[in-house]
Structure formats: structure tokens, C-alpha cells
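A quick write-up on the structure given underneath.
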Amino acid sequence: MGNTMIEVKKATIKDIDAILEITQEAFEKYVTTIALSDGIAALKESIEDIKNDIQTKEVFVAYLGNIPVGSARIEIFDDQTAYLSRYGVKPEFQSNGVGKAVMDQIDSVMMQHQIRKIFLHTASKHSALMQFYYGRGFYVDSTTKDRGYIRALMCKDYE
């Protein structure tokens, strides 16, 4: 599957339902993969939460043809850092270049905004995700168990 078919766009209010579906499917798989019995905040989010993020953050949706298959949200801070959250790809479209296309878009936007570092949290037990982030230039900044599993704070430098 070539990258030519994947288009990453800035999300609009019209994308809310698609983003909700992508987030639900991607994070249900994530929770299953790391065997997290309590679920995760991403699965409890509302249409209103997503609408608020679209209005206050950089939110992107990846389309394969006209099918929304991936999304990500970035909060940009005044100290030239950013935080990536709700980064997900529908399970049936994973390992097809969608995540890479979204990350390429994120890298581009971070450089436009002259961001020094971007952070994200992921489960350190999720080896495929850890490998993906390592391959994209992220490293482990620290870990925490505050959510009932080992979460790695990943960081990528743009300087």
C-alpha cells in the first residue's frame, strides 16, 4: 500500500464522529494488548471532548481514500514543547504506513511551530508501539505507574 493514498488533514468539526470511532477502536486494541483491566481515559471521552480538542489543539485525521483511518492530537505549549495524545490508527489499517504518515505530518507541524521537544505517553509493555516510537526518534524520558501500568514518557528532540 503506497503512501500516496494516505492523506493527513487538519481535523474539522465534521471529523468528530470519525475521530471518536478511530480512538475507540485503536484504544480498545491498546488496552487488550497491554492487558489493562481498568480501561483507559481515551475510551471514556465524549463528542464534546473531541470538539474542544479540535478548537484548542492541533488535531489531525488520516484518510485512506475517503475512509478516516487514523488521528492524533497535539497540545502546543509556550515553552516550545508539545504533547501528543490520542494517537491512534484503526486496527485493520495498522502496519500500512498510516501511523508513519500521521507522524510525518506531526514532524512537519512541529518544525513550523519551532517546537524543541514533543512528548507522549505509551505503555512500555507494548513492544510494537515502543519500536515504532524509537524508529521515529523518540526515547524514554521517564516511567510512571500512576495509571496502574508502566507508562513511558517518550520524548523527541527537534533541535
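Worth knowing before you read on, the calculation uses all heavy atoms, side chains too, and leaves out hydrogens, waters and symmetry mates. Source: prediction; values computed, not measured.
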With rounding to the nearest 0.5 Å, note down the distance linking [atom1] in [X] to [atom2] in [Y].
{"X": "Glu25", "Y": "Gln94", "atom1": "CD", "atom2": "CD", "answer": "10.0 Å"}
{"X": "Thr144", "Y": "Ile150", "atom1": "OG1", "atom2": "CD1", "answer": "10.0 Å"}
{"X": "Thr143", "Y": "His121", "atom1": "OG1", "atom2": "NE2", "answer": "9.5 Å"}
{"X": "Leu64", "Y": "Ile6", "atom1": "CG", "atom2": "CD1", "answer": "5.5 Å"}

When you compare the side chain of [Y] with that of [X], does any pair of heavy atoms fall below 4.5 Å?
{"X": "Lys10", "Y": "Val59", "value": "no"}
{"X": "Ile106", "Y": "Leu84", "value": "yes"}
{"X": "Ser85", "Y": "Tyr83", "value": "yes"}
{"X": "Val69", "Y": "Ile22", "value": "no"}
{"X": "Leu36", "Y": "Tyr30", "value": "no"}
{"X": "Val61", "Y": "Ile19", "value": "yes"}
{"X": "Ile115", "Y": "Ile76", "value": "yes"}
{"X": "Ile54", "Y": "Thr12", "value": "no"}

Hydrophobic clustering (ILVMFWY, side-chain heavy atoms < 4.5 Å, transitive) - are [Y] and [X] grouped together?
{"X": "Phe132", "Y": "Met110", "result": "yes"}
{"X": "Leu120", "Y": "Val8", "result": "yes"}
{"X": "Tyr63", "Y": "Val109", "result": "no"}
{"X": "Leu20", "Y": "Val98", "result": "no"}
{"X": "Met103", "Y": "Met130", "result": "yes"}

[atom1] ([X]) with more than 12 external heavy atoms under 6.0 Å:
{"X": "Lys44", "atom1": "NZ", "value": "yes"}
{"X": "Lys51", "atom1": "NZ", "value": "no"}
{"X": "Arg147", "atom1": "CZ", "value": "no"}
{"X": "Gln114", "atom1": "CD", "value": "no"}

Where do Lys90 and Glu28 land on the salt bridge (Lys or Arg N to Asp or Glu O under 4.0 Å) test, with the steps shown first? CA-CA 10 Å; Lys90 284 189 168 195; Glu28 278 168 16; over 6 Å; no
Give a yes or no on whether the backbone of Asn52 and the side-chain of Thr56 come within a donor-acceptor separation of less than 3.5 Å.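 Yes, the answer is positive, given that a donor and an acceptor are paired below the 3.5 Å cut-off.
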Is there a donor-acceptor contact under 3.5 Å from the side chain of Arg86 to the main chain of Ile50?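 No; judged by distance alone, with no hydrogens or angles, the pair does not exist.
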Scan residues 148-158 for pairs that pass salt bridge (Lys or Arg N to Asp or Glu O under 4.0 Å), counting only residues two or more places apart or in two chains.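 Qualifying pairs, neighbours excluded: Asp107-Lys156, Lys117-Asp157, Asp146-Arg151.
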Testing Phe119, Tyr139, Phe138 one by one against Tyr133 for a ring pair (Phe, Tyr, Trp, His ring centres under 6.0 Å), which residue passes?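 When ring pair (Phe, Tyr, Trp, His ring centres under 6.0 Å) is applied between Tyr133 and each of Phe119, Tyr139, Phe138, only Phe138 qualifies.
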So Tyr87 and Thr122, side chain to side chain contact (heavy atoms under 4.5 Å, CB included) or not? Walk me through it. CA-CA 10 Å; Tyr87 178 45; Thr122 197; over 6 Å; no
Going by atom types only, do His113 and Glu58 share a side-chain donor-acceptor pair under 3.5 Å?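 Per modelled atom types, His113 and Glu58 side chains form a pair under 3.5 Å.
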Any luck finding a side-chain donor-acceptor pair between Gln105 and Lys9 under 3.5 Å?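 Note: Gln105 and Lys9 side chains miss the donor-acceptor criterion.
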Locate the shortest heavy-atom distance separating [X] from [Y]; write the atom from each residue and the value.
{"X": "Gly88", "Y": "Ala26", "result": "CA-CB, 3.8 Å"}
{"X": "Val102", "Y": "Ala62", "result": "CG2-CB, 3.6 Å"}
{"X": "Pro91", "Y": "Lys29", "result": "CB-CD, 3.8 Å"}
{"X": "Asp15", "Y": "Ala11", "result": "OD2-CA, 3.3 Å"}
{"X": "Thr23", "Y": "Ser71", "result": "OG1-OG, 4.1 Å"}

Could you go through Lys100 and Val89, starting from their C-alpha distance and side-chain angles, then the distance that decides it, and tell me whether this counts as side chain to side chain contact (heavy atoms under 4.5 Å, CB included)? CA-CA 10 Å; Lys100 180 185 183 310; Val89 175; over 6 Å; no
Do NZ/NE/NH1/NH2 and the carboxylate oxygens of Arg73 and Glu45 come within less than 4.0 Å?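 Glu45 and Arg73: salt-bridged.
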Per the side-chain contact (heavy atoms from CB on, under 4.5 Å) rule, which among Met111, Arg116, Gln80 passes with Tyr158?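 By the side-chain contact (heavy atoms from CB on, under 4.5 Å) criterion, Tyr158 pairs with just one of Met111, Arg116, Gln80: Met111.
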